[in-house]
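Single-structure report; data block below.
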Amino acid sequence: MQVIKGDIEYFKNIPQIKFEGVESDNPFAFRWYDENKIITGKTLKEHLRYSCAYWHSFNGSGADPFGEPTHLFPWNESADPIERAKDKMDAAFEFITKMNLPFYCFHDVDVVDYTNDVANNEKRLLAIAEYAKLKQKDSGVKLLWGTANLFSNRRYMNGAATNPDFHVLAHAGAQVKAALDATIYLEGENYVFWGGREGYMSLLNTNMKREQEHFAKFLHASKDYARSNGFRGNFFIEPKPCEPSKHQYDYDAATVISFLRQYDLDKDFKLNLEVNHATLAGHTFQHELQVAADAGLLGSMDANRGDYQNGWDTDQFPNNLYELVEAMLVVMESSGLQGGGINFDAKIRRNSTDPEDLFHAHIGGMDAFARALIIADNILQKSDYKKIREDRYGSFDNGKGMEFEQEKLSLEDLRNYAIEKGEPQVISGRQEYLENIINRFI
Ligand code: XLS
Ligand code: NI
Ligand code: NI
C-alpha cells in the first residue's frame, strides 16, 4: 500500500473523543452520543450519520466582510497547491477520525485550489481524489456527498446553470462533470446542488422562466451523466431563499418540490434541508422537514442554527435542544432520512481561535442531536403525543367525515350535514399541553 502522509499531528494534545456518559465532566467526551446505542432497531450511528463539512472546518478562515482571517491554519503553508491540499486533507482526516465522524462532505474547490483552466482543475481534483481515496480506505470514513462550488468564481456572478450567458453555463457543466467524477470515484453516497446564485438580483434584467428552464435542463444533463457512469445515489437540492442572491429560485422546500415535479426530476432528486435556510425563508426547520417528508423527499440535513437577533445565515453550531427535539420528532415519525445524514454545515465564530474550539463545536452538536433523538423516541413511545394528534382528526375516521375523505360527498351533502348537526362544538388544540410534553421528556 502507498505510504500515506500524515506524520504531522495537527491537533496535538487532543485525544480521541469517546462516549463517557452524562456523569462525565470531560469536555473532550460525548455525554449522549453513544454510537452503539440502539433506538428502534438501529444504532445512533446509523440514525444520525454525522458528517463534517470540509469548507467550514478546513477552509473558513474566520474572515468576514469587515475583517481579515483570524483562523491561521498550519496546513496552509506549502507553496505547491497539491501539497497544500494534501496537508489540509491530513488535518481534516485527523480531525474527522478523532471526532469519530463517519462521513464528510466537500465542494470541489474546498479540497484543492482551482484556477481558470478547466483541464488543469480536472487534473488537480483527480490528484486529490486519489489521495482522499487512500485516506478513506485507511480510516473507514465515507463521503456523504460531493458538490461543486458554482458561486464563488467571478464568472458565476449572474448565476451558473441560470446564467444568461451560455458560455458561463458550459463552465458550470464542466465543473459539475468533474465533481461528479470525483464523487463517483470516492463512492460518494449522494450529490448536492445548492444554487446560491441560481436566482436574480433584479427582475429588470431577468427572464425568470427561461432561467428556470435552463436550470432543469442542466439538472437532467447532470443526472443523465452520473447515472450513465454508475452513480446510484441520490441527488439533493438544498433550498435557501436568498443570500447571496436577492431571490434564489430554490426558495424553500415547497418551491423545490413543485419545481422537481414540474420538470420530472422527483424520482432522482430529494431535499437537503438546512436549519438556517429554513429560518431565513420565514419557516421553522421542522416545517421544512415536514413538507419534504410529506412529499416522500426528505433526503438529508445541514445542521446549524441562526441567530434570533441577526437576519442572516450565521451558520452557528446547533445547541437548542427544544427545537432539535421538534425536528427529530418529524424525522423519526417519517422513518428517517432517505440516503442522507446530518452534515454540520456550521462554523466556529471568528474569535474562536483555539484548535480545541472546532472539537467543542462538533461535540456539542453531536451530543445535542443524539440527545434530541433519544428524547423524541421517548415522546413517541411513552407519551400520548401521537394519540392526541390522531384523535384530533377522529371525525374523519368514520361516518360522513370518512365519506368525505373517500370523495363520496358533494358540496350539497356538506350543506345538509351542517344543517342537520347545527353549530360545531369548540374543541381545544391543546398546544400548551403538547409543548409541556417536550419539556417533560427533556
Ligand atoms: C450555503 C450552503 C452551502 C451548501 C453547499 O448557505 O449551506 O454551504 O450546503 O454548497
Ligand atoms: Ni447555508
Ligand atoms: Ni448547506
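Just follow the structure's listing: the first ligand is 1, and inside any ligand the first atom is 1.
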Kindly state whether the ring of Phe151 and the ring of His107 have centres lying under 6.0 angstrom apart.
yes

Using heavy atoms and a threshold below 4.0 Å, how should the contact between Glu274 and ligand 1 be classified: side chain, backbone, both, or neither?
side chain

Can you tell me which residue and heavy atom of the protein come closest to atom 5 (C) of ligand 1, and the distance to 0.1 Å?
His107 NE2, 3.2 Å

Establish, for the pair Lys86 and Tyr131, whether the NZ or CZ atom is under 6.0 angstrom from the six-membered ring centre and no further than 45 degrees off its axis.
yes

Under 3.5 Å, N or O to N or O, is Asp345 touching ligand 1 that way?
yes

State whether Phe269 and Lys223 meet the cation-pi test: NZ (Lys) or CZ (Arg) under 6.0 Å from the six-membered ring centroid, and within 45° of the perpendicular axis.
no

Verify the ring-centre separation between His360 and Phe317: is it less than 6.0 angstrom?
no

Sort by chain and number the protein N/O/S atoms found under 2.8 Å from the Ni ion (ligand 3).
Glu238 OE2, Glu274 OE1, Asp302 OD2, Asp345 OD2

Just jot down the ligand 1 atoms closer than 4.0 angstrom to any heavy atom of Asp313, in number order.
6 (O)

If the plane angle is over 60° it's perpendicular, under 30° parallel, otherwise tilted; pick one for Phe369 and Tyr50.
perpendicular

For the residue pair His362 and Phe95, categorise the inter-ring angle as parallel (less than 30°), tilted (30 to 60°) or perpendicular (more than 60°).
perpendicular

For a 4.5 angstrom cut-off between non-hydrogen side-chain atoms, does Trp55 reach Lys347?
no

Proximal heteroatom of Asp313 relative to the Ni ion (ligand 2) (N/O/S)
OD2

Under 4.0 Å between a side-chain nitrogen and a carboxylate oxygen: does that hold for Asp165 and Arg155?
no

Parallel, tilted or perpendicular: ring planes of His71 versus Phe73, cut at 30 and 60 degrees:
tilted

Is it the side chain (CB and beyond), the backbone, both or neither of Asn343 that lies under 4.0 Å from ligand 1, heavy atoms counted?
neither

Could you tell me the residue and atom name of the protein heavy atom closest to atom 9 (O) of ligand 1, and the distance to it rounded to 0.1 Å?
Glu238 OE1, 2.7 Å

Looking only at heavy atoms, is any part of Asp302 under 4.0 Å from ligand 1, and if so is it the side chain, the backbone, or both, or is it neither?
side chain

Search all heavy atoms of Glu83 against all heavy atoms of Ser78 and return the closest pair with its distance.
CB-OG, 3.3 Å

So is His277 touching ligand 1 or not, going by heavy atoms under 4.0 Å?
yes

